[in-house]
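Residue numbers begin at 1 in each chain, while the letters A, B, ... track the order of the sequences.
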Amino acid sequence: MQITRIDDYRWRVEAFGRMNVPGIVYTSARMLDQVRQEEALNQVANVAVLPGILKASMAMPDIHWGYGFPIGGVAAFDWESGVVSPGGVGYDINCGVRLASTDLQVEDVRGRMKGLVDALYRNVPSGVGSTGSVKLSPKDQKKVLAQGSQWAVDHGYGTDEDIDHTEDRGCLAHADPEVVSQRALDRGSNQLGTLGSGNHFLEVGVVEEIFHPQAAEIFGLRLGQITVLLHSGSRGLGYQVCDDFLAVMGKHVKTLGIELPDRQLACAYIHSEQGRRYLKAMACAANYAWNNRQILLHRCRETFEEALGISPRALNMRLVYDVCHNIAKKEEHIVDGRPRTVCVHRKGATRAFGPGRSEISADYREIGQPILIPGDMGTASYVLVGTEQAMLETFGSTCHGAGRVLSRKAALRQSKGRSIARELEDQGVLVRWTGRSTLAEEMPEAYKNVSQVVDVVHGAGISRKVARLKPLAVVKG
DNA sequence: ATGTCC
C-alpha cells in the first residue's frame, strides 16, 4: 500500500489492485502513525473495491478498525449503479449524539452535582439489556419505527422545537416496519428510553471555551453554561436489523459475481430487492434511535427539575441539535462538477452540511449545521459547524468522536489495579456506571486525543470549531 | 455496538 501526503491534513491511499478510487485519510502526521498500525487502512482500501463508489473511500481522523468498513469511514455510491452495505452503517444503526443547552450556569449547580448525577443514574436505565418505562403495543411500536421522534413528541416526550433541531427531523421517510424481523421488533419492544452500554453515555458539562462567537450565539451556547450531551442508538433492535441483513446480503452477494476483498463487506445493489429492503429496515432502526434519544432527553428534563427543584421554565433545557453518525442516506451532491444522487455511508462519521442546505433546520441554515463531537469522558467534547468545503470534498461529512486507540481488552489490561472512577473524580468528573468493566474499557487513555482529531477537521476546513465543553458528571452503561 | 454464544 502506497500512502502519499497531500498536505498537513490529507493523505492519499493510492489505488491498487481492484480499487475503483483512491482512499483519502484526514489525519495529522502525528496520528497517522497510530493509524498505520491498524487494519483500518486496509479497510479503507477494501471499501474502494465496491461497485459504484464515487471520488474516494474516505476516512476521518478518528478512524479505527470496524466490521468490514472502518469506523470513521465515509463512502458514497452512485444511486443508480452503486451498492448499499450494512457494514458501511454499522451494528448500531443511527448511533448518534444530542446536545441540550440550559439556562443554568456552572455556579448554579456547584455542590449539587452529586445529587444530580445520582438522580440521572436512577432515572435513565443503562447497561446491556436494560429496559425502559415506555411500554409499546405492537401497533405503537410500528408507529415508532415509521414516525421516529414525532411519536415521542405526540406522546408527551418533548416539543416541536426538539424535532426542528433533529437531523432529518428525527424521521427517515422510507421506513417500512413490515421488513423488520419479529426478533428485532421483540428486542426493541421494551428498550425505548434506555442508554445502552459501551461508549454510550449521558454527560452533564459546561461550556469551557468558545471559538466561533457568532455560531455559538446562534446555537444558543455561552461560556459557563450547563449542557447535557447524550450518546445512544437503536439498542437491540438496530443490532438485530444489522445482523438480519448481513445474513441476507452475505448470501445474496455471492450470486452477483462481485469478488469481495472481505466477506464483511457484504452488500447489495441499491435498486435490488435486498438493497431496498435493507434501506427500509435501516430507516426503521434509525427512527427508533431518534425516538429513543428524544425520550432520553425528556427524562433528563424531568430529572434536572426534580433533583434541582426548579421549574421547566427556569431550566429551559433546549435541544441544540441531534446528529446521527451511523447511517446510509440518499443525498444530492456535486461530483466532478455535476449534480449526482448518491447513497452516502457514514459509519462513525457525522453529516457536516454547510450554509444554505435545505436539510438544515431553518434556525441554523445561514450558518451551517451544528456538529457534535463527543470526546472521552475525562477530557472534552466539541461543537463544530458544517462548511462549504465539506460539501465540496467529503459529501458533507466530518469526524464523529475521539476514536479508540486501545481495544477494549487492551484497555482492561492497562487499567488493572487502578480506580478509573477515582482518577476521573480527581479531574473533576463524577461518574456513575452499570457494567463491571465499562469504565476500564472506556477510560480516557483508550481514546485518541479529541482535540487533535478536531484540529484535523478544522484545519482541513471540513468543519469549523464552535465551542468546547468540559464534562462534570457522566452516566455510563 | 450487542439479551457481549440460538
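- The interatomic distance linking A/Leu246 (CG) with B/dT2 (P) rounds to 16 Å, in whole Å.
- Across all strands shown, A/Gly233 has no heavy atoms under 4.0 Å from either base or sugar-phosphate atoms.
- We find that CD of A/Gln240 is positioned 11 Å from P of B/dT4, with the value rounded to whole Å.
- Geometrically, A/Arg277 does not engage A/Phe245 in a cation-pi contact defined by less than 6.0 Å to the ring centre and at most 45° from the axis.
- The CG atom of A/Asn326 sits 13 Å away from the C1' atom of B/dT2 (whole-angstrom rounding).
- Nucleic acid contact class of A/Gly90 (heavy atoms, under 4.0 Å, all strands): none.
- To the nearest angstrom, C1' of B/dT4 lies 14 Å from CZ of A/Arg436.
- Whole-Å rounding puts the A/Arg235 CZ to B/dT2 C1' distance at 8 Å.
- The interatomic distance linking A/Gln191 (CD) with B/dT4 (C1') rounds to 13 Å, in whole Å.
- Atom pair A/Leu237:CG and B/dT2:P shows a separation of 12 Å (rounding to whole Å applied).
- Distance, A/Lys409 NZ to B/dT4 C1': 13 Å, rounded to whole Å.
- Side-chain nitrogen and oxygen atoms of A/Ser197 include none within less than 4.0 Å of the OP1 or OP2 phosphate oxygen of B/dT4.
- For the pair A/Glu442 and A/Val128, nearest-nucleotide mapping onto DNA chain B gives the more 5' position to A/Glu442.
- Residues A/Glu441 and A/Lys409 are not paired through a salt bridge, judged by the lack of any N-O separation under 4.0 Å between the basic side chain and the carboxylate.
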Practice item. Evaluate the criterion ring-ring contact (aromatic ring centres under 6.0 Å, His included) for residue pair A/His231 and A/His400; output intermediate values, then yes/no. Key: CA-CA 11 Å; A/His231 182 202; A/His400 88 305; 7.4 Å; no
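- In this structure, A/Lys55 satisfies the cation-pi test against A/Phe395, with its NZ or CZ atom closer than 6.0 Å to the six-membered ring centre and inside 45 degrees of the ring normal.
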